[in-house]
Amino acid sequence: MIRLFDSVHGEVRTLELRDPGRVSMYVCGPTVDNLPHLGHGRFTLVWDVARRWFTFQGLVVHFVTNITDIDDKIITRGHQEDRTTGEVVTEYEGRWWDAMDALGVARPDVAPHATNYVDEMIALIGWFLDNEIAYLTNDGVYFDVSRVPDYGLLAGQPLDSLRAGARVEIIDQKRSPLDFALWKNAKPGEPKWSAPFGDGRPGWHTECVVMSLDLLGEGFDLHTGGLDLKFPHHENERAQAVAAGKEFSRHWAHNGWVMVGGEKMSKSLGNFTSLTELSETTDPRAYRLLVLRSHYRSPIEVTPSTIADAERALSRLDSFARRFDLAPLAGAQLEVATNYQWEGRALELRQRVADALDEDLNTPLAVALLFEALGSANADADAGASHEALQVAQSVNVLFGAMGLSLVGASDEIDVTSAHLVGERDAAREAKEWAEADRLRSELMALGWIVEDGAEGTLIRRP
RNA sequence: GGCGGCGUGGCCGAGUGGUUAGGCAGGGGCCUGCAAAGCCCCGUACUCCGGUUCGAAUCCGGACGCCGCCUCCA
């Protein structure tokens, strides 16, 4: 039984599935107008972990993440750089998937593009107009939020109170500042689609509601995204579904965001670090570990110090994998618990980790349990209880794999020169020529190796 | 103005009434030719003020501080 914080009810609730054993989830994806930043990295990691964990627990997960490939910002960028929107989209969608692959975020089952759904969006908007749920203005079609009785459900506030705080000035023909664009009329030089109500392009909120309902069906299980999408984006998606008489997502969940110097990292503040920059200096697995070590609903501060902390913890995990010769997991193929043997301490560990993750995805607790198990496996191995130790070590590896974190033991290519130095050093140590042995170690270290003396002689690896 | 979140040891970060969180850094020890890796031990924390209780980081009230949403944003 999976329990998850529900953003509408403000409490942890059991995930009541539409079809027992199957989870349909929709994660709002990126607008491909720029490089993905650490905030995108966090939400994709968080929901990748959720997906992997649900799968590990035996649920069949249908996972959809969209690509928003038509949007004001894409158009703006195209104009600025004298490129077509298609060229902008192609570049940044490519960058997006590269970044996801580098982070080890598994590809979604389906990744719909907004531009492939324009006909369906036009039909829905037309229906809203026919039923006077939407109205025309000079610059497009707007949705009349007053037509949805419980508008404000996700915001946690009634319509009136939202309206009172609205910061948008009433400068156009909108009936309420909260009414939102379903369709934006094209200005000269902008990409456009023909519609009975004017040539233009769809609004963002309409894209997601149409795609999620088309691919997952009415009453799908889980709709997620960053906390900043809760209102107005998710509110507005839901408003359209409700107005159209359709049952929408059964559960809503939102992750906290990435902070920089106490402020939210965002496009509008311009204080973001791209995932590309991160991967130039950091093992992307360290970022996953950093994300796993705090609860998904908490904000996280990403600084050189917290990154370095995660890197050192990660290197301890890798040493562990090296010691027990563990095979890296957590690739494109998602792990499933029943593919492994679980008995004794391994079974106990798995159950404790499951208790943590089934209860609102408490990854920091799960990670703590795994580090504890790591220590005990090392201690057992030191004491000579190698069979017991190996069993626990393997389960630690699988459970990290279930959260998408690969433990990587030694697999460095050793060149001829270095191999020769290793041989010489072993001979020197055999002969107890310590000065020579130390000199050869220095030489290896100068070549960038970390040198360790194991039971079978000199071991070298890359940092 | 309305709504919501947060304040834990040097740093990061779980924990909702009593029992070791965990990681990183630091100190001591074991092991090692010396190291590295690993193991053991140590710090004894919970913004402040009241209250409830045999007992509170955990519940209640209040204060202070920080952050966010109500506008595009993951």
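Convention: sequence-line order gives letters A, B, ...; per-chain numbering from 1. Everything numeric in this text was worked out from a predicted model, so none of it was measured.
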*Asks:* Of the options B/G2, B/A14, B/G33, whose atoms approach the side-chain atoms of A/D438 most closely?
*Replies:*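 Looking only at side-chain atoms, A/D438 lies closest to B/G33.
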*Asks:* Whole angstroms only, please: what is the CG-C1' distance between A/N236 and B/C70?
*Replies:*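 So the CG-C1' distance, A/N236 to B/C70, works out to 12 Å.
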*Asks:* With sugar-phosphate meaning primed atoms plus P, OP1 and OP2, does A/A313 contact a base, only sugar-phosphate, or nothing at under 4.0 Å between heavy atoms?
*Replies:*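 Contact class for A/A313: sugar-phosphate only.
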*Asks:* How about A/H223 and A/F248: are their ring centroids closer than 6.0 Å?
*Replies:*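 Under 6.0 Å, so yes.
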*Asks:* Could you identify the nucleotide paired to B/C6, looking across every strand shown and requiring Watson-Crick or G-U wobble geometry with both distances under 3.5 Å?
*Replies:*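 Partner of B/C6: B/G65.
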*Asks:* Would you mind reading off the distance between A/N255 atom CG and B/A74 atom P, rounded to a whole angstrom?
*Replies:*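 Nearest whole value for this atom pair: 11 Å.
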*Asks:* Any strand counts, and the cut-off is 3.5 Å on both contacts for Watson-Crick or G-U wobble. Which nucleotide pairs with B/A14?
*Replies:*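 Here B/A14 is not engaged in any pair, so there is no nucleotide opposite it.
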*Asks:* Please determine, for B/A56, whether a Watson-Crick or G-U wobble partner exists with both distances under 3.5 Å, and give it or none.
*Replies:*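 With both distances under 3.5 Å required, B/A56 matches none.
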*Asks:* Across the strands shown, which category fits A/R323 at heavy-atom distances under 4.0 angstrom: base, sugar-phosphate, nothing?
*Replies:*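 A/R323: backbone/sugar contact only, no base atoms under 4.0 Å.
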*Asks:* Distance criterion of 3.5 Å, no angle test: do you see the side chain of A/D382 paired donor-to-acceptor with the base of B/C31?
*Replies:*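 In this structure, the two groups form no donor-acceptor pair.
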*Asks:* Could you pull out all residues at least two apart from A/D6 that satisfy salt bridge (charged side-chain N to carboxylate O under 4.0 Å, His left out)?
*Replies:*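 None.
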*Asks:* Does OP1 or OP2 of B/A14 have a side-chain N or O of A/S298 closer than 4.0 Å?
*Replies:*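 Result: yes.
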*Asks:* For B/C39 and A/N378 - does any side-chain N or O of the residue sit under 4.0 Å from the phosphate oxygens OP1/OP2?
*Replies:*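 For B/C39, OP1/OP2 do have a side-chain N/O of A/N378 under 4.0 Å.
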*Asks:* Cationic tip of A/R462 within the cone over A/W449's six-membered ring, i.e. under 6.0 Å and within 45° of the normal?
*Replies:*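 A/R462 over A/W449 ring: yes.
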*Asks:* Base, sugar-phosphate alone, or nothing: which one does A/D160 contact when heavy atoms must sit under 4.0 Å apart?
*Replies:*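 No contact.
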*Asks:* Between A/R439 (CZ) and B/G33 (P), how many Å, whole number?
*Replies:*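 About 21 Å, once rounded to whole Å.
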*Asks:* Touch check for A/P158, heavy atoms < 4.0 angstrom, all strands: base, sugar-phosphate only, or nothing?
*Replies:*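 Since no nucleic acid heavy atom lies under 4.0 Å of A/P158, the category is nothing.
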*Asks:* In Watson-Crick or G-U wobble terms, both distances under 3.5 Å, what is the partner of B/G26?
*Replies:*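 B/G26 is paired, partner B/C42.
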*Asks:* Mind calculating the distance between NZ (A/K230) and P (B/C72) to the nearest angstrom?
*Replies:*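 Going from NZ in A/K230 over to P in B/C72 covers 16 Å.
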*Asks:* Expressed as a whole number of angstroms, how long is the span from A/M445:CE to B/C34:P?
*Replies:*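 After rounding, the reported distance stands at 17 Å.
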*Asks:* Output yes when a side-chain donor or acceptor of A/Q157 lies under 3.5 Å from a complementary backbone atom of A/L162, and no otherwise.
*Replies:*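 Absent.
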*Asks:* Write down the distance between CZ (A/R429) and C1' (B/G33), rounded to a whole number of angstrom.
*Replies:*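 After rounding, the reported distance stands at 8 Å.
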*Asks:* What's A/G39 touching, base or sugar-phosphate or nothing? Going by heavy atoms closer than 4.0 Å.
*Replies:*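 Base contact - A/G39 has a heavy atom under 4.0 Å of at least one base atom.
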*Asks:* What is the pairing partner of B/G1, taking Watson-Crick or G-U wobble pairs with both distances under 3.5 Å in any strand?
*Replies:*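 In the structure as shown, B/G1 has B/C70 as its Watson-Crick or wobble partner.
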*Asks:* Output one letter per nucleotide in nucleotides 17-22 of chain B: B when a protein non-hydrogen atom lies under 4.0 Å from the base, S when only the sugar-phosphate is that close, - when neither is.
*Replies:* ----BS
*Asks:* Tell me the interatomic distance from A/M265, atom CE, to B/C72, atom P, rounded to whole angstroms.
*Replies:*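 Value for this atom pair: 21 Å.
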*Asks:* To the nearest angstrom, how far is A/F231 atom CZ from B/C69 atom C1'?
*Replies:*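 A/F231 atom CZ is separated from B/C69 atom C1' by 9 Å.
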